[in-house]
Participant: 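Here's a structure for you.
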Amino acid sequence: MSGFGPKRLVGILLLGLAGCADMAVIDGTLVFKSGDSACVGSVEVPAAGLEPIDDVKLVEIARGAPGEGKLCTGKAYLVQQALPVYRVWDSSRPAGQYGSWWSFSPPAAGLDAYREAEAICPEWSAPDRLSVCKIKPGARIAVGPGQSAQCADGSSYPPAAANQVYIPNDAGKGNIFVENCAPAVPWPQ
């Protein structure tokens with residue numbers, strides 16, 4: 001077995017594992033993540049109004065790698081009846097009112113608690129408005145707990161148990177899947 005010393009065997013083992021798991025470097029440590037095992041919480045949806053569907057592409061768009069935010073894991077749904085959703089957004093970016101990231105629950109009280117619960121980096125948004133809308137029946141959405149976030153200032157947030165709702169709104173193309181929005185209010189109050 002010449003040429004297969006301990007270092008080479010470890011290298012082969014690592015390459016083999018890499019083919020079966022996602023890898024990430026978090027705080028200088030190589031972390032292997034098999035499937036969604038590093039996620040916390042579970043997919044939670046309202047008792048009625050959503051039908052589970054098979055839409056792998058939508059879920060993959062909504063999922064992020066460790067450190068990127070987005071969903072840690074998720075499931076796709078077809079909206080069968082209008083459901084209320086909440087969005088905290090940055091009024092200096094008016095198009096953000098109809099962004100893609102929403103919640104079935106009102107936001108946590110206070111900016112710091114909100115960032116922690118939703119794993120939202122400061123450079124992504126300076127939220128100061130709250131919108132409450134209804135998802136249009138027929139929309140396809142993804143729901144799941146939040147992925148970890150690594151921020152530009154060096155801070156980070158671990159995966160979050162709070163569920164986020166990914167609605168593929170694209171205001172630039174006129175694709176908005178929410179309606180009946182109440183006037184936005186200042187947030188936090």
Participant: Under 3.5 Å, which donor-acceptor pairs do the side chains of residues 138-146 form with other protein atoms, sequence neighbours left out?
Facilitator:
| unit_1 | atom_1 | unit_2 | atom_2 | d |
| --- | --- | --- | --- | --- |
| R140 | NE | D55 | OD2 | 3.0 |
| R140 | NH2 | D55 | OD2 | 3.2 |

Participant: Might you point out which heavy atoms bring A119 and P158 nearest each other, and give the distance in Å?
Facilitator: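 Taking every non-hydrogen atom into account, CB-O, 4.2 Å.
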Participant: Scan residues 132-177 for pairs that pass ring pair (Phe, Tyr, Trp, His ring centres under 6.0 Å), counting only residues two or more places apart or in two chains.
Facilitator: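 Residue pairs passing ring pair (Phe, Tyr, Trp, His ring centres under 6.0 Å), neighbours aside: W101-Y166.
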Participant: Just do the salt bridge (Lys or Arg N to Asp or Glu O under 4.0 Å) check on K57 and E60 with the steps written out, would you?
Facilitator: CA-CA 5 Å; K57 182 177 179 183; E60 285 304 310; over 6 Å; no
Participant: Does E116 have any salt bridge (charged side-chain N to carboxylate O under 4.0 Å, His left out) partners at least two apart in sequence or in another chain, and if so, which?
Facilitator: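 Scan of E116 (salt bridge (charged side-chain N to carboxylate O under 4.0 Å, His left out), adjacent residues dropped) gives none.
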Participant: Going by the ring pair (Phe, Tyr, Trp, His ring centres under 6.0 Å) test, which pairs reach into residues 55-75, not counting sequence neighbours?
Facilitator: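 Matches after skipping sequence neighbours: none remain.
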Participant: Give every residue pair that meets the disulfide bond (SG atoms under 2.5 Å apart) criterion with at least one member in residues 154-189, sequence neighbours excluded.
Facilitator: C133-C181
Participant: A side-chain contact here means heavy atoms from C-beta on lying under 4.5 Å apart; do P186 and R129 qualify?
Facilitator: yes
Participant: Is any side-chain heavy atom of L71 closer than 4.5 Å to one of T73?
Facilitator: no
Participant: How would you list, by chain and number, every residue that makes a side-chain hydrogen bond (donor to acceptor under 3.5 Å, both in side chains) with W102, sequence neighbours excluded?
Facilitator: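 Expected list: none.
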Participant: Can you list everything that forms a ring pair (Phe, Tyr, Trp, His ring centres under 6.0 Å) with F104? Sequence neighbours excluded, please.
Facilitator: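 Counting only residues at least two positions away or on another chain, F104 forms no ring pair (Phe, Tyr, Trp, His ring centres under 6.0 Å).
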Participant: Who pairs with P127 by side-chain contact (heavy atoms from CB on, under 4.5 Å), at least two apart in sequence or on another chain?
Facilitator: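 side-chain contact (heavy atoms from CB on, under 4.5 Å) check on P127 returns V88, L111, Y114, R115, S125, W187.
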Participant: Is it the case that the side chain of N163 and the backbone of S42 share a donor-acceptor pair, with hydrogens and angles ignored and the cut-off at 3.5 Å?
Facilitator: yes
Participant: Report the residues that fulfil side-chain contact (heavy atoms from CB on, under 4.5 Å) with E68, sequence neighbours left out, ordered by chain and then residue number.
Facilitator: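 Per chain and number, E68 pairs via side-chain contact (heavy atoms from CB on, under 4.5 Å) with A65.
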Participant: Quick one: disulfide bond (SG atoms under 2.5 Å apart) pairs with a partner in residues 136-177, sequence neighbours left out?
Facilitator: C121-C151
Participant: Please answer: with hydrophobic residues joined when any side-chain heavy atoms are less than 4.5 Å apart, are V79 and V85 in the same cluster?
Facilitator: yes
Participant: Using distance alone, with no hydrogens and no angle criterion, decide if S100 and N169 have a side-chain donor and acceptor under 3.5 Å apart.
Facilitator: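 No.
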Participant: Which pairs count as ring pair (Phe, Tyr, Trp, His ring centres under 6.0 Å) when at least one residue sits in residues 116-144, sequence neighbours excluded?
Facilitator: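 Pairs touching residues 116-144 that pass the test: none.
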Participant: When you measure from the side chain of Q147 to the backbone of G64, do you find a donor-acceptor pair of N or O atoms at a distance under 3.5 Å?
Facilitator: yes
Participant: Evaluate the side-chain proximity of R87 to Q97: yes if any heavy-atom separation is below 4.5 Å, no if none is.
Facilitator: no
Participant: Using the ring pair (Phe, Tyr, Trp, His ring centres under 6.0 Å) rule, collect all pairs that involve residues 62-97, keeping only residues at least two apart or in two chains.
Facilitator: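 Every pair satisfying ring pair (Phe, Tyr, Trp, His ring centres under 6.0 Å) with a residue in residues 62-97: there are none.
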Participant: Going by heavy atoms in the side chains, are C39 and P159 under 4.5 Å from each other?
Facilitator: no
Participant: Check whether K136 reaches the backbone of I176 with its side chain - one donor and one acceptor, N or O, closer than 3.5 Å.
Facilitator: yes
